[in-house]
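As the structure is a prediction and not an experimental result, all values here were calculated from the model. Chain naming here is simple, since letters A, B, ... match the order of the sequence lines and numbering starts at 1 in each.
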Number of protein chains: 2
Amino acid sequence: MNRFGEMHCSIAQAVGVVAEPWTPLILRDLFLGLRRFDQLSEDLGISRNLLTQRLDRLQAAGVVEKVAYQRRPVRYEYHLTEAGRDIVPALITLMAWGDRWSTPPGGPPALLIHSCGEQFTPTVTCPHCGGPAGADTITMVAGPGAAQGPGTMVLAKPGQ
Amino acid sequence: MNRFGEMHCSIAQAVGVVAEPWTPLILRDLFLGLRRFDQLSEDLGISRNLLTQRLDRLQAAGVVEKVAYQRRPVRYEYHLTEAGRDIVPALITLMAWGDRWSTPPGGPPALLIHSCGEQFTPTVTCPHCGGPAGADTITMVAGPGAAQGPGTMVLAKPGQ
DNA sequence: ATAGTCAGTTGATAAAGTGAACCCTTGATA
DNA sequence: TATCAAGGGTTCACTTTATCAACTGACTAT
(Lines give C-alpha, C1' and ligand atoms only; values in the text may rest on other atoms or scores of the structure.)
Protein backbone atom coordinates (compact mmCIF):
# COMPACT_ATOMS: atom_id res chain seq x y z
CA MET A 1 0.00 0.00 0.00
CA ASN A 2 1.30 3.40 -0.93
CA ARG A 3 0.53 6.72 0.71
CA PHE A 4 -2.70 7.15 -1.24
CA GLY A 5 -4.02 3.95 0.23
CA GLU A 6 -3.74 5.45 3.70
CA MET A 7 -5.89 8.48 3.01
CA HIS A 8 -9.48 8.58 4.20
CA CYS A 9 -10.89 9.05 0.75
CA SER A 10 -12.30 6.44 -1.57
CA ILE A 11 -10.87 8.18 -4.60
CA ALA A 12 -7.43 8.02 -3.02
CA GLN A 13 -8.02 4.35 -2.19
CA ALA A 14 -8.90 3.56 -5.77
CA VAL A 15 -6.08 5.69 -7.12
CA GLY A 16 -3.64 3.95 -4.81
CA VAL A 17 -4.51 0.61 -6.36
CA VAL A 18 -5.37 1.23 -9.99
CA ALA A 19 -3.79 4.55 -10.98
CA GLU A 20 -0.14 3.77 -10.60
CA PRO A 21 1.69 4.35 -13.85
CA TRP A 22 0.85 1.62 -16.42
CA THR A 23 -1.74 -0.06 -14.22
CA PRO A 24 -4.85 1.20 -16.03
CA LEU A 25 -3.36 -0.02 -19.30
CA ILE A 26 -2.54 -3.40 -17.81
CA LEU A 27 -6.16 -3.70 -16.69
CA ARG A 28 -7.41 -2.64 -20.10
CA ASP A 29 -5.26 -5.31 -21.77
CA LEU A 30 -6.46 -7.97 -19.35
CA PHE A 31 -10.04 -6.95 -20.07
CA LEU A 32 -9.36 -7.15 -23.80
CA GLY A 33 -8.15 -10.69 -23.42
CA LEU A 34 -4.39 -10.59 -23.01
CA ARG A 35 -3.34 -13.00 -20.30
CA ARG A 36 0.36 -13.67 -20.48
CA PHE A 37 3.35 -11.84 -19.09
CA ASP A 38 5.11 -11.66 -22.43
CA GLN A 39 2.01 -10.42 -24.24
CA LEU A 40 1.56 -7.60 -21.77
CA SER A 41 5.24 -6.77 -21.89
CA GLU A 42 5.24 -6.67 -25.67
CA ASP A 43 1.98 -4.81 -26.11
CA LEU A 44 2.72 -2.07 -23.61
CA GLY A 45 6.48 -1.71 -23.86
CA ILE A 46 6.67 -1.51 -20.07
CA SER A 47 9.91 -2.73 -18.54
CA ARG A 48 9.61 -6.29 -17.39
CA ASN A 49 10.65 -5.77 -13.80
CA LEU A 50 8.03 -3.06 -13.42
CA LEU A 51 5.39 -5.29 -14.98
CA THR A 52 6.29 -7.95 -12.43
CA GLN A 53 5.88 -5.45 -9.63
CA ARG A 54 2.59 -4.09 -10.92
CA LEU A 55 1.09 -7.53 -11.34
CA ASP A 56 2.19 -8.41 -7.80
CA ARG A 57 0.53 -5.31 -6.41
CA LEU A 58 -2.65 -5.90 -8.37
CA GLN A 59 -2.72 -9.44 -7.12
CA ALA A 60 -2.18 -8.31 -3.53
CA ALA A 61 -5.03 -5.85 -3.98
CA GLY A 62 -7.31 -8.62 -5.22
CA VAL A 63 -7.79 -7.09 -8.64
CA VAL A 64 -5.90 -9.70 -10.60
CA GLU A 65 -5.31 -13.39 -10.04
CA LYS A 66 -2.42 -15.49 -11.22
CA VAL A 67 -3.40 -18.88 -12.52
CA ALA A 68 -1.10 -21.71 -13.59
CA TYR A 69 -2.17 -22.81 -17.03
CA GLN A 70 0.38 -25.61 -17.34
CA ARG A 71 2.86 -27.61 -15.30
CA ARG A 72 6.29 -28.74 -16.43
CA PRO A 73 7.31 -26.04 -16.63
CA VAL A 74 4.85 -24.12 -14.50
CA ARG A 75 3.50 -21.18 -16.46
CA TYR A 76 1.09 -18.56 -15.29
CA GLU A 77 -1.47 -16.27 -16.76
CA TYR A 78 -3.28 -13.34 -15.26
CA HIS A 79 -7.02 -12.79 -15.02
CA LEU A 80 -9.19 -10.02 -13.69
CA THR A 81 -11.02 -10.95 -10.50
CA GLU A 82 -14.54 -9.68 -9.80
CA ALA A 83 -13.01 -6.51 -8.36
CA GLY A 84 -10.94 -6.21 -11.51
CA ARG A 85 -13.91 -6.60 -13.82
CA ASP A 86 -15.72 -4.06 -11.68
CA ILE A 87 -13.14 -1.41 -12.56
CA VAL A 88 -14.16 -1.62 -16.23
CA PRO A 89 -16.92 1.02 -15.92
CA ALA A 90 -14.33 3.47 -14.62
CA LEU A 91 -11.98 2.60 -17.48
CA ILE A 92 -14.58 3.14 -20.18
CA THR A 93 -15.65 6.40 -18.56
CA LEU A 94 -12.04 7.53 -18.79
CA MET A 95 -11.93 6.33 -22.36
CA ALA A 96 -15.00 8.38 -23.23
CA TRP A 97 -13.33 11.43 -21.67
CA GLY A 98 -10.19 10.81 -23.70
CA ASP A 99 -12.26 10.52 -26.87
CA ARG A 100 -14.09 13.71 -26.12
CA TRP A 101 -11.20 15.93 -25.06
CA SER A 102 -8.20 14.73 -26.98
CA THR A 103 -9.88 13.94 -30.24
CA PRO A 104 -7.52 11.66 -32.11
CA PRO A 105 -7.10 12.33 -35.81
CA GLY A 106 -9.15 9.83 -37.74
CA GLY A 107 -11.68 9.26 -35.00
CA PRO A 108 -11.69 7.16 -31.86
CA PRO A 109 -9.31 4.19 -31.75
CA ALA A 110 -11.95 1.99 -30.15
CA LEU A 111 -15.71 1.79 -29.89
CA LEU A 112 -18.00 0.15 -27.38
CA ILE A 113 -20.92 -2.12 -28.19
CA HIS A 114 -23.46 -2.77 -25.48
CA SER A 115 -25.22 -6.09 -25.01
CA CYS A 116 -28.38 -4.35 -26.27
CA GLY A 117 -26.69 -4.22 -29.66
CA GLU A 118 -25.99 -0.51 -29.88
CA GLN A 119 -22.68 1.26 -30.18
CA PHE A 120 -22.62 3.72 -27.28
CA THR A 121 -20.79 6.30 -25.22
CA PRO A 122 -20.95 5.35 -21.55
CA THR A 123 -22.90 7.69 -19.30
CA VAL A 124 -22.67 7.97 -15.54
CA THR A 125 -26.12 8.17 -14.02
CA CYS A 126 -28.08 8.26 -10.80
CA PRO A 127 -29.87 4.91 -10.48
CA HIS A 128 -32.88 6.53 -8.79
CA CYS A 129 -33.88 9.00 -11.46
CA GLY A 130 -31.71 7.80 -14.34
CA GLY A 131 -30.39 11.30 -14.90
CA PRO A 132 -26.75 12.09 -15.65
CA ALA A 133 -24.38 12.45 -12.71
CA GLY A 134 -21.74 15.07 -13.32
CA ALA A 135 -20.14 18.12 -11.77
CA ASP A 136 -23.32 20.15 -12.19
CA THR A 137 -25.78 17.61 -10.83
CA ILE A 138 -24.08 16.19 -7.76
CA THR A 139 -23.04 17.28 -4.30
CA MET A 140 -20.46 15.49 -2.23
CA VAL A 141 -21.06 15.37 1.50
CA ALA A 142 -19.23 13.81 4.42
CA GLY A 143 -20.18 10.18 4.99
CA PRO A 144 -20.19 8.10 8.19
CA GLY A 145 -16.52 7.22 7.78
CA ALA A 146 -15.35 10.80 7.29
CA ALA A 147 -12.20 11.64 9.21
CA GLN A 148 -9.58 14.26 9.24
CA GLY A 149 -6.34 13.64 7.50
CA PRO A 150 -4.56 14.33 4.27
CA GLY A 151 -6.98 15.08 1.52
CA THR A 152 -10.04 15.74 3.63
CA MET A 153 -9.94 19.46 4.28
CA VAL A 154 -13.25 20.16 2.63
CA LEU A 155 -15.49 17.37 3.85
CA ALA A 156 -14.23 16.49 7.32
CA LYS A 157 -15.50 18.61 10.13
CA PRO A 158 -12.85 20.13 12.35
CA GLY A 159 -12.59 18.44 15.71
CA GLN A 160 -13.61 15.01 14.49
CA MET B 1 2.88 15.14 -22.95
CA ASN B 2 4.25 11.93 -21.54
CA ARG B 3 4.57 8.58 -23.22
CA PHE B 4 0.98 7.63 -22.50
CA GLY B 5 -0.19 10.65 -24.43
CA GLU B 6 1.46 9.27 -27.54
CA MET B 7 -0.35 5.96 -27.54
CA HIS B 8 -3.28 5.38 -29.87
CA CYS B 9 -5.70 4.63 -27.09
CA SER B 10 -8.17 6.94 -25.44
CA ILE B 11 -7.62 5.35 -22.06
CA ALA B 12 -3.90 6.03 -22.40
CA GLN B 13 -4.70 9.60 -23.47
CA ALA B 14 -6.83 10.18 -20.41
CA VAL B 15 -4.37 8.43 -18.14
CA GLY B 16 -1.56 10.56 -19.52
CA VAL B 17 -3.38 13.69 -18.44
CA VAL B 18 -5.31 12.86 -15.30
CA ALA B 19 -3.71 9.80 -13.77
CA GLU B 20 -0.28 11.08 -12.90
CA PRO B 21 0.41 10.68 -9.20
CA TRP B 22 -1.63 13.21 -7.15
CA THR B 23 -3.55 14.56 -10.14
CA PRO B 24 -6.87 12.83 -9.45
CA LEU B 25 -6.76 14.16 -5.90
CA ILE B 26 -5.98 17.67 -7.11
CA LEU B 27 -9.01 17.47 -9.41
CA ARG B 28 -11.17 16.17 -6.59
CA ASP B 29 -10.13 19.07 -4.37
CA LEU B 30 -10.80 21.59 -7.11
CA PHE B 31 -14.22 20.05 -7.61
CA LEU B 32 -14.87 20.26 -3.89
CA GLY B 33 -14.14 23.96 -3.91
CA LEU B 34 -10.48 24.39 -3.04
CA ARG B 35 -8.92 26.96 -5.32
CA ARG B 36 -5.65 28.20 -3.89
CA PHE B 37 -2.13 26.85 -4.11
CA ASP B 38 -1.61 26.80 -0.36
CA GLN B 39 -4.93 25.09 0.30
CA LEU B 40 -4.10 22.31 -2.13
CA SER B 41 -0.61 21.99 -0.73
CA GLU B 42 -1.87 21.79 2.84
CA ASP B 43 -4.80 19.50 2.17
CA LEU B 44 -2.88 16.95 0.13
CA GLY B 45 0.57 17.10 1.67
CA ILE B 46 2.06 17.06 -1.83
CA SER B 47 5.41 18.76 -2.19
CA ARG B 48 5.04 22.28 -3.45
CA ASN B 49 7.29 22.00 -6.47
CA LEU B 50 5.41 18.94 -7.65
CA LEU B 51 2.09 20.73 -7.14
CA THR B 52 3.40 23.55 -9.30
CA GLN B 53 4.34 21.10 -12.01
CA ARG B 54 1.04 19.22 -11.87
CA LEU B 55 -0.99 22.41 -12.10
CA ASP B 56 1.11 23.53 -15.06
CA ARG B 57 0.47 20.27 -16.84
CA LEU B 58 -3.24 20.34 -16.11
CA GLN B 59 -3.38 23.87 -17.41
CA ALA B 60 -1.50 22.90 -20.57
CA ALA B 61 -3.97 20.05 -21.06
CA GLY B 62 -6.90 22.44 -20.72
CA VAL B 63 -8.29 20.76 -17.63
CA VAL B 64 -7.55 23.58 -15.20
CA GLU B 65 -7.36 27.33 -15.65
CA LYS B 66 -5.34 29.77 -13.62
CA VAL B 67 -7.18 32.98 -12.78
CA ALA B 68 -5.78 36.06 -11.07
CA TYR B 69 -8.06 36.90 -8.17
CA GLN B 70 -6.16 40.00 -7.07
CA ARG B 71 -3.48 42.38 -8.22
CA ARG B 72 -0.82 43.94 -6.03
CA PRO B 73 0.49 41.40 -5.53
CA VAL B 74 -0.88 39.24 -8.30
CA ARG B 75 -2.33 36.10 -6.83
CA TYR B 76 -3.83 33.19 -8.71
CA GLU B 77 -6.40 30.56 -8.10
CA TYR B 78 -7.20 27.43 -10.03
CA HIS B 79 -10.52 26.38 -11.50
CA LEU B 80 -11.72 23.36 -13.42
CA THR B 81 -12.48 24.07 -17.07
CA GLU B 82 -15.32 22.34 -18.86
CA ALA B 83 -12.97 19.45 -19.63
CA GLY B 84 -12.06 19.39 -15.95
CA ARG B 85 -15.67 19.28 -14.79
CA ASP B 86 -16.26 16.57 -17.35
CA ILE B 87 -13.79 14.29 -15.58
CA VAL B 88 -16.00 14.25 -12.47
CA PRO B 89 -18.08 11.26 -13.64
CA ALA B 90 -14.87 9.25 -13.92
CA LEU B 91 -13.78 10.39 -10.46
CA ILE B 92 -17.02 9.38 -8.79
CA THR B 93 -17.01 6.06 -10.59
CA LEU B 94 -13.55 5.45 -9.14
CA MET B 95 -14.83 6.57 -5.76
CA ALA B 96 -17.69 4.07 -5.92
CA TRP B 97 -15.19 1.36 -6.75
CA GLY B 98 -13.03 2.37 -3.79
CA ASP B 99 -16.06 2.28 -1.52
CA ARG B 100 -17.05 -1.13 -2.76
CA TRP B 101 -13.69 -2.89 -2.72
CA SER B 102 -11.71 -1.32 0.07
CA THR B 103 -14.48 -0.87 2.57
CA PRO B 104 -13.24 1.69 5.04
CA PRO B 105 -14.00 0.97 8.70
CA GLY B 106 -16.93 3.13 9.76
CA GLY B 107 -18.44 3.37 6.31
CA PRO B 108 -17.70 5.52 3.29
CA PRO B 109 -15.86 8.81 3.91
CA ALA B 110 -18.10 10.66 1.47
CA LEU B 111 -21.53 10.32 -0.06
CA LEU B 112 -23.06 11.67 -3.23
CA ILE B 113 -26.36 13.47 -3.49
CA HIS B 114 -27.91 13.80 -6.92
CA SER B 115 -29.87 16.84 -8.02
CA CYS B 116 -32.99 14.65 -7.87
CA GLY B 117 -32.55 14.68 -4.10
CA GLU B 118 -31.42 11.10 -3.56
CA GLN B 119 -28.18 9.81 -2.13
CA PHE B 120 -26.81 7.47 -4.77
CA THR B 121 -24.05 5.22 -6.04
CA PRO B 122 -23.10 6.25 -9.57
CA THR B 123 -23.81 3.69 -12.28
CA VAL B 124 -22.31 3.54 -15.74
CA THR B 125 -24.98 2.88 -18.32
CA CYS B 126 -25.71 2.60 -22.00
CA PRO B 127 -27.75 5.66 -23.00
CA HIS B 128 -29.74 3.66 -25.55
CA CYS B 129 -31.21 1.01 -23.31
CA GLY B 130 -30.36 2.44 -19.90
CA GLY B 131 -28.81 -0.84 -18.84
CA PRO B 132 -25.56 -1.11 -16.91
CA ALA B 133 -22.31 -1.05 -18.87
CA GLY B 134 -19.68 -3.29 -17.34
CA ALA B 135 -17.23 -6.01 -18.20
CA ASP B 136 -20.04 -8.52 -18.81
CA THR B 137 -22.23 -6.32 -20.97
CA ILE B 138 -19.83 -4.58 -23.33
CA THR B 139 -17.54 -5.43 -26.21
CA MET B 140 -14.70 -3.23 -27.34
CA VAL B 141 -14.02 -3.12 -31.07
CA ALA B 142 -11.55 -1.22 -33.23
CA GLY B 143 -12.77 2.25 -34.20
CA PRO B 144 -12.01 4.37 -37.26
CA GLY B 145 -8.84 5.79 -35.65
CA ALA B 146 -7.40 2.41 -34.70
CA ALA B 147 -3.71 2.09 -35.43
CA GLN B 148 -0.86 -0.14 -34.51
CA GLY B 149 1.49 0.87 -31.80
CA PRO B 150 2.16 0.39 -28.14
CA GLY B 151 -0.91 -0.76 -26.34
CA THR B 152 -2.97 -1.80 -29.33
CA MET B 153 -2.14 -5.44 -29.82
CA VAL B 154 -5.67 -6.66 -29.37
CA LEU B 155 -7.74 -4.20 -31.35
CA ALA B 156 -5.54 -3.06 -34.21
CA LYS B 157 -5.49 -5.28 -37.25
CA PRO B 158 -2.04 -6.35 -38.38
CA GLY B 159 -0.84 -4.55 -41.49
CA GLN B 160 -2.66 -1.32 -40.78
C1' DA C 1 10.40 48.46 11.35
C1' DT C 2 8.62 43.98 11.88
C1' DA C 3 5.78 40.27 11.03
C1' DG C 4 2.70 37.74 8.19
C1' DT C 5 0.47 35.97 3.74
C1' DC C 6 0.51 33.84 -0.67
C1' DA C 7 2.47 31.67 -4.54
C1' DG C 8 5.75 29.89 -5.81
C1' DT C 9 11.45 28.43 -6.63
C1' DT C 10 15.83 26.15 -5.35
C1' DG C 11 18.58 22.42 -4.17
C1' DA C 12 20.04 18.20 -1.80
C1' DT C 13 18.48 13.50 -1.03
C1' DA C 14 15.62 9.38 -1.74
C1' DA C 15 12.56 6.58 -4.44
C1' DA C 16 10.79 4.86 -9.00
C1' DG C 17 11.20 3.73 -13.65
C1' DT C 18 14.03 2.25 -17.95
C1' DG C 19 16.52 -0.86 -20.94
C1' DA C 20 19.31 -4.44 -21.72
C1' DA C 21 21.23 -8.60 -20.41
C1' DC C 22 20.93 -12.69 -17.94
C1' DC C 23 18.70 -17.05 -15.58
C1' DC C 24 15.92 -21.27 -15.02
C1' DT C 25 12.84 -25.04 -16.40
C1' DT C 26 11.36 -27.62 -19.92
C1' DG C 27 10.17 -29.49 -24.74
C1' DA C 28 11.77 -29.84 -29.47
C1' DT C 29 15.41 -30.20 -32.92
C1' DA C 30 20.14 -31.53 -34.99
C1' DT D 1 24.50 -34.78 -26.34
C1' DA D 2 24.52 -30.27 -27.38
C1' DT D 3 21.79 -26.48 -28.39
C1' DC D 4 17.72 -23.79 -29.49
C1' DA D 5 13.48 -21.67 -28.37
C1' DA D 6 9.49 -20.37 -25.23
C1' DG D 7 7.75 -18.42 -21.12
C1' DG D 8 8.25 -15.93 -17.01
C1' DG D 9 10.71 -13.78 -14.75
C1' DT D 10 15.44 -11.34 -12.00
C1' DT D 11 19.64 -8.29 -11.87
C1' DC D 12 22.00 -4.28 -12.58
C1' DA D 13 23.64 0.29 -14.16
C1' DC D 14 21.52 4.41 -15.35
C1' DT D 15 17.97 8.14 -15.71
C1' DT D 16 13.91 10.42 -14.17
C1' DT D 17 10.65 11.72 -10.50
C1' DA D 18 9.35 12.79 -6.04
C1' DT D 19 10.23 14.52 -1.28
C1' DC D 20 11.46 17.77 2.28
C1' DA D 21 12.97 21.86 3.93
C1' DA D 22 14.47 26.26 3.24
C1' DC D 23 14.32 30.43 0.68
C1' DT D 24 12.45 34.44 -2.39
C1' DG D 25 9.60 38.34 -3.67
C1' DA D 26 5.74 41.30 -3.60
C1' DC D 27 3.01 43.02 -1.12
C1' DT D 28 -0.46 44.16 3.56
C1' DA D 29 -1.32 44.82 8.45
C1' DT D 30 0.44 46.31 13.04
Between [X] and [Y], what is the shortest heavy-atom contact and its length?
X	Y	result
A:Arg57	A:Glu20	NE-OE1, 2.8 Å
B:Phe37	B:Leu55	CD1-CD1, 4.0 Å
A:Pro89	B:Val124	CB-CG2, 3.6 Å

For [X] and [N], give me the distance from atom [atom1] to atom [atom2], rounded to whole Å.
X	N	atom1	atom2	result
B:Leu44	D:dA18	CG	C1'	15 Å
B:Asp38	D:dA26	CG	P	18 Å
A:Arg3	C:dA14	CZ	P	17 Å
B:Asn2	C:dG17	CG	P	13 Å
A:Glu20	C:dG17	CD	C1'	12 Å
A:Leu50	C:dT18	CG	P	6 Å
A:Lys66	D:dG8	NZ	P	10 Å
B:Gln53	D:dA18	CD	C1'	9 Å

Exercise for the section: Take B:Phe37 and A:Trp22, find for each the nucleotide of DNA chain C with the closest heavy atom, and name the residue whose nucleotide sits nearer the 5' end. Expected result: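 With B:Phe37 and A:Trp22 compared, the 5'-side residue is B:Phe37.
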Exercise for the section: Please tell me which of A:Ser47 and B:Tyr78 maps to the more 5' nucleotide of DNA chain C, matching each residue to the nucleotide holding its nearest heavy atom. Expected result: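 Closest to the 5' end, via its nearest nucleotide, is B:Tyr78.
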Please list each protein N or O that sits under 3.5 Å from an N or O in nucleotides 27-30 of chain D, with the distance.
residue : atom : partner : partner atom : Å
D:dC27  : O3'  : B:Arg72 : O            : 3.3

Exercise for the section: Assess the pair B:His128 and A:Phe120: is the distance between their ring centroids shorter than 6.0 Å? Expected result: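 For B:His128 and A:Phe120, the ring centres are not under 6.0 Å apart.
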Problem - Pair of N/O donor and acceptor under 3.5 Å linking C:dG11 base with B:Asn49 side chain - result: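 Answer is yes: a donor-acceptor pair is held.
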Problem - Pair of N/O donor and acceptor under 3.5 Å linking C:dG19 base with A:Arg48 side chain - result: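 There is none.
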Problem - Value rounded to 0.5 Å, distance of OG in A:Ser10 from CG in B:Asp99 - result: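 The CG atom of B:Asp99 is 3.5 Å from OG of A:Ser10, to the nearest 0.5 Å.
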Practice task
Give a yes/no on whether any side-chain N or O of B:Tyr69 is located under 4.0 angstrom from OP1 or OP2 of C:dA7.
Solution key: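 Affirmative; the distance criterion is met.
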Practice task
Report yes if at least one side-chain N or O of A:Thr52 is closer than 4.0 Å to OP1 or OP2 of D:dT10; otherwise report no.
Solution key: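 Yes, within the criterion.
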Practice task
Answer whether the closest heavy-atom distance between the side chains of A:Leu112 and A:Thr121 falls below 4.5 Å.
Solution key: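 No, too far: nothing below the 4.5 Å cut-off.
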Exercise for the section: Decide whether B:Tyr78 and B:Arg36 meet the rule of one side-chain donor and one side-chain acceptor closer than 3.5 Å. Expected result: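 Short answer, no.
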Practice task
Select base, sugar-phosphate, or nothing to describe what A:Arg35 touches, counting heavy atoms under 4.0 Å on all strands.
Solution key: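 A:Arg35: no heavy atom of the nucleic acid under 4.0 Å.
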